[in-house]
There are 2 protein chains.
Amino acid sequence: MKNGRQRARIADVAKLAKVSPATVSRYINKSGFVARATGERVKKAIDKLDFVPDLAAGSLTSRRTRLVAVLTPRLAGSFFNTFVEELVLALTDAGYTAITYFIEIDDKQMESSIQTALARRADAFVLTGPVPEGIKKRLGTEGVTVIESWNIPDEPIDIAIGMDNTALGAELAEFVHTRGYRRPLLIDAAGKRPGLRQLAFAERWKELAETEPTFLKVDRPRFIHARAQFRALRDMDPRPDVVLCGSDGLAQGIAIEAMHAGLAIPDQLAVIGFGDSEIAANMRPSLTTVSIKAEEIGRAVVEVLQKRLDQEEIAENKIDVGYSILARESA
Amino acid sequence: MKNGRQRARIADVAKLAKVSPATVSRYINKSGFVARATGERVKKAIDKLDFVPDLAAGSLTSRRTRLVAVLTPRLAGSFFNTFVEELVLALTDAGYTAITYFIEIDDKQMESSIQTALARRADAFVLTGPVPEGIKKRLGTEGVTVIESWNIPDEPIDIAIGMDNTALGAELAEFVHTRGYRRPLLIDAAGKRPGLRQLAFAERWKELAETEPTFLKVDRPRFIHARAQFRALRDMDPRPDVVLCGSDGLAQGIAIEAMHAGLAIPDQLAVIGFGDSEIAANMRPSLTTVSIKAEEIGRAVVEVLQKRLDQEEIAENKIDVGYSILARESA
DNA sequence: CTGAAAGCGCTTACAG
DNA sequence: CTGAAAGCGCTTACAG
């Protein structure tokens, strides 16, 4: 403390309001009945003392922290930014506190993040990536709520909220084929999640076109990599006529590079993004992309947490918020 | 708990290792001496039981939570994204846990975020925007570490880490004038922080060019607003020859719109961004912008927290990490 | 180098 | 509708 003033405790409030600490607790948490007049005295005392209850102390008894650990890959400029923002906002609105971790694609870092979140006794974990086996087992035995977001795995640890990357991959193949493109190139991170999409794309594509799509695996699908990747693309023989990018940022970068090299979009090269970030609709040309409903996932996460808190049964352990392919000018 | 298994407590570890809880605590926190052999027994017991100490319970006595509240404006796609990432990473590495809040430019939301962070007994607050008077007073009396980041105010509540927006504004005026531009337009949010820059720009500009710069105040300096703002710019008479944008995203958008309208950059319209995001260096044309050193701020924040924890005196309550104007192709 | 005891600030049955 | 008591899981002097 910089100054001598102590923080007020619940006992101080109780004394001032001439009630017991238990009553103050009940009033604050709206648990149990408090007579109207009593409540008013308590309220007055709280205001007078600027009392802010210590949530951690309370959690010790109640076994609920309302702390939610959010683990997202560190992907500045990707749709995960929007996702984290929406999620944190939804959590905050609902009275939860989000503790955020940004992780590289690195199991060790994920493990240590989860470790500290467990030490904080987080009520729930929101994960985004594919979860390594060891961590899966660990979380499974801890009795916490685990929400896997984005991709819906066959067997969720607990609850999965997201979309079906396999269905999307196939649908993208159809979309591209229907629009008459014949030499697709897919640029995406080498992870497991995009992998599902790519696999499904490849499979459906082979059925439709009887050829193989080309893949370019990258570290991360980011704007900064567009130059190098456009160069690689341009030198391919035959040259792709449509490129499906792992993010809108990358798609925008590819488009900029293509135009700079004198290629007309979409006639000489079509470009498809991922994420429907604010870039997509307002780019020139506007970007055809996939919308992934970050807000809806955020809302669904909060709903699930709410139900868990209320001890309600959760009917479905897989919640599919869907996606949509948005056809714009670039493809 | 989903299954009957209970989490191990420090008492369980103590019993298994045949020591007292106090010794386990000392071993874990490296506070006080523990004989090597004893320590090894403790370690074995911890591993055996998968013991994760409850940090909240510990904080109750130790009065330190190692929780840091980070409040940033909600500005998807701006340099604040990078800032939050860098800061959270630095904090996590140093053993702190970050609780993040995204706030609109809205005092009420800021207040409620601070309220919940106080309820969590956060050791420190990292704020980004200008702080309303009421909140300033509130935090001042709480005895927590308060770090104001980005702008360095004349009288920090506690500690300020960032840069001198006033100096930057003046330097930008000089930069623009030296390069021969004569009709600058500044597009930025209507907040207090950009306001300082703009004021200083205007002042210096009047000295240099003996004319007034033009201002366009916007809700937020984002990519999506570029179309509308470019239209406004294009219709101005006389038309600006250089536009200074509040973010790289907006600058990129303006550049795209300008090129789409057939204007050559920088000859017919020069564009300057803010933030040196990954977009800037890789845009075509590459964007002249201001680098704001997010990583350094993150590091400095952690250093300050470390010193506070160790009860060290902090020599300077204003830490200037500087900035730099990066001249590229667009201006 | 180690332990017994007290206490951090709440919430939760239990009793009335 | 309200209170007294116990206890959540740690850490911190204090004593040895």
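Just so it is clear: chains get the letters A, B, ... in the order the sequence lines come, proteins before strands, and each one is counted from 1.
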ask   = Between atom CG in B/Asn29 and atom C1' in D/dC10, what is the gap in whole Å?
value = 9 Å

request  = Check the surroundings of atom NZ in B/Lys318: do more than 12 heavy atoms from other residues, nucleotides or ligands lie under 6.0 Å from it?
outcome  = yes

query = For B/Arg41 and C/dC1, what is the distance between atoms CZ and P respectively, to the nearest whole Å?
reply = 14 Å

query = Got a donor-acceptor pair under 3.5 Å from the side chain of B/Thr61 to the base of C/dG7?
reply = yes

key: Atom-to-atom span, CG of A/Leu49 to P of C/dG9 - whole angstrom   = 14 Å

task = Ignoring backbone atoms, establish whether A/Thr23 has a side-chain N or O less than 4.0 Å from OP1 or OP2 of D/dG3.
result = yes

query = For B/Arg66 and D/dT11, what is the distance between atoms CZ and C1' respectively, to the nearest whole Å?
reply = 15 Å

query = Hey, is CD on A/Glu312 packed in by over 12 heavy atoms from elsewhere, all under 6.0 Å?
reply = yes

request  = When you get a sec, tell me which of D/dG9, C/dT11, C/dC8 is the closest nucleotide to the side chain of B/Ala57?
outcome  = D/dG9

message = Without decimals, in angstroms, what is the distance between B/Lys15 NZ and C/dT2 P?
response = 20 Å

ask   = Got a donor-acceptor pair under 3.5 Å from the side chain of A/Arg26 to the base of D/dG3?
value = yes

Nearest-nucleotide pick for B/Thr38, side chain only, options being C/dA4, C/dT2, D/dC10 = C/dT2

key: Which residue lies more 5' along DNA chain C, comparing B/Phe33 with A/Ser31 via nearest heavy atoms   = B/Phe33

ask   = What integer distance in Å separates B/Asp54:CG from D/dG9:P?
value = 8 Å

query = Whole Å only: how far is the CZ atom of B/Arg7 from the C1' atom of D/dG9?
reply = 12 Å

inquiry  = Pick the closest DNA chain C nucleotide for B/Ser20 and for B/Arg121 by heavy atoms, then say which residue is nearer the 5' end.
reply    = B/Ser20

query = Which nucleotide sits closest to the side chain of B/Ser25: D/dT11, D/dC1, D/dC10?
reply = D/dT11

query = Ion pair present between A/Glu303 and A/Arg299, side-chain N to carboxylate O less than 4.0 angstrom?
reply = no

task = Please determine if A/Glu40 and A/Lys43 form a salt bridge, counting it only when a charged side-chain N lies under 4.0 Å from a carboxylate O.
result = no

B/Ser59-B/Arg121 side chain donor-acceptor pair, cut-off 3.5 Å = no

query = For C/dT11, does OP1 or OP2 lie under 4.0 Å from any side-chain N or O of A/Arg64?
reply = no

query = Within the structure shown, what part of the strands sits under 4.0 Å from A/Ala35 by heavy-atom distance: base, sugar-phosphate, or nothing?
reply = sugar-phosphate

key: Length of the CZ-P vector between A/Arg9 and C/dC8, whole Å   = 7 Å

remark   = If pairing means Watson-Crick or G-U wobble with both distances under 3.5 Å, then the partner of C/dC1 is D/dG16

message = Taking any heavy-atom pair under 4.0 Å as a contact, classify A/Tyr27: base, sugar-phosphate, or nothing.
response = nothing

